[in-house]
Amino acid sequence: MQRRVVAEPYKIKAVEPIRMTSRPEREQFMAEAGYNTFLLRSADCYIDLLTDSGTSAMSDHQWAGLMWGDEAYAGSRSWLNLERAVREVYGYKHVVPTHQGRGAENLLSTITIRPGHYIPGNMYFTTTRAHQERNGGTFVDVIIDEAHDAQHPHPFKGNVDVDKLRALVGRVGAANIPYMSTAVTVNLAGGQPVSMQNLREVKEYCAGQGIPVMYDATRAVENAFFIQEREPGYAAKSIASILKEMMSYSDGCTMSGKKDCLVNIGGFLATNDEELYTKACELVVVFEGMPSYGGLAGRDMEAMARGIYEMVDDDYIAHRVGQVRYLGHQLLDAGVPAVRPIGGHAVFLDARAFLPHLSQDEFPAQSLAAYLYVDSGVRAMERGIVSAGRDPATGHHRYPKLELVRLTIPRRVYTDRHLDVVAGSVLGLFEKRDTIRGLRMVYEPPTLRFFTARFQPLP
Ligand code: F0G
């Protein structure tokens, strides 16, 4: 029986040509890029699944908003539209715009974290943890154990383990925890959601301890979709109302508008806390710009304001997550090891299981991403030992349980046919997986090494 199809809830108005390269060309490009897909030129990528960040296709309404953007230095109409959109759709009182998510992370971390602090979170994210550590904090993972098991079918694999959180509070004291950091969804766990019940429990517990709850709301709309689909009592509720309820169990959020908000650049810090808001307004001037533009052009704020209303359209988000799943199930059905359940923004290949003959020191996910590019011009991203970096205390590699290659689907950009090409290439590599060799690292920067590290193939 044919699976029910959800077609694109949009039609195409402008196209951007892409070009297939030859295999010898791609071998050369990959070698020149040091076997790091971040260092490839986009013109040399046929299908670019490096990230869903800033790669969305904007709507005609958003493009019209670019022209309509108000570029006044202060009090811009486009800023007021963005502020109103965040208040109406997310429900927070105060908004401070930033150039992207990490700008908001910088504000939050600089304002609240002191040396000796601990920040619990449901799995780390690279830039989030880097800002916590820069300010002297220590990240502590309090996600449920199932999240670290690529094959576990838990429907809400992003959930916080409240017992782990309680144990941390018992060990270090609530006074040393500036906030609980909850990501909805959890990127590095595979785009896995957090249930409404868990969000409620975490808020209840933290409120009792006097610990604020801050979300990383980067992909909160995708999280809302999973709640609508999987959590009892939510099937008949709109995405907009589910999102609002989710946010009501937090005190604020950092946000990369480059994902959910359907724009190419932008972010914000939002909060209900007056003191945090006042301090963020003071600090944003130093790093980003006035609290009424935060490093963004008026047109960028206009596009983000419009994207915020579009992102909560029920048909849009059902198709978006459905498309990720369309690719994921082709691979799972053929026996390719990938993180289950398929998450909201990407299909994550399980490189450990794909390449059992490679040790983690041979960078299996980095290598698989390089082979995929050479095979078909599809650009993916490593999310394993290279992304995890080194422990600042010991200087040793961190060895994450999840060693993944992320095939990230940009929003409203590729057709299912493109995804068929991706699936075909992954399946071909899977058939000859024992011929895939590992890598050694020949250049490593001190922080966020995955962006610029270079590798060479092992013999
Ligand atoms: N939080 C999460 C969960 C993210 O995925 C990202 C970015 C950020 C924060 C930082 O936001 O890039 O706007 O500064 N993730 C991108 C990715 C880079 O490819 O997953 P940013």
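Both counts, for ligands and for their atoms, begin at 1 and track the order of listing.
- For ligand 1, the protein residues within 4.0 angstrom (heavy atoms only) are T51, S53, Q100, G101, R102, E105, F125, T127, N187, D216, T218, R219, S256, K258, K259, M381, R406.
- More than 12 heavy-atom neighbours from other residues, nucleotides or ligands sit within 6.0 angstrom of CZ on R26.
- Below 30°, between 30° and 60°, or above 60°: for Y92 and Y90 the angle between ring planes is below 30°, a parallel geometry.
- For R134, the CZ atom sits in a loose shell: 12 or fewer heavy atoms of surrounding residues, nucleotides or ligands are nearer than 6.0 Å.
- For the side-chain contact (heavy atoms from CB on, under 4.5 Å) test, residues two or more places apart in sequence or in another chain that qualify with A305 are N81, L82, A85.
- Rounding to the nearest 0.5 Å places SG of C206 at 12.5 Å from OH of Y179.
- To the nearest 0.5 Å, atoms CE (M304) and CE (M311) are separated by 10.0 Å.
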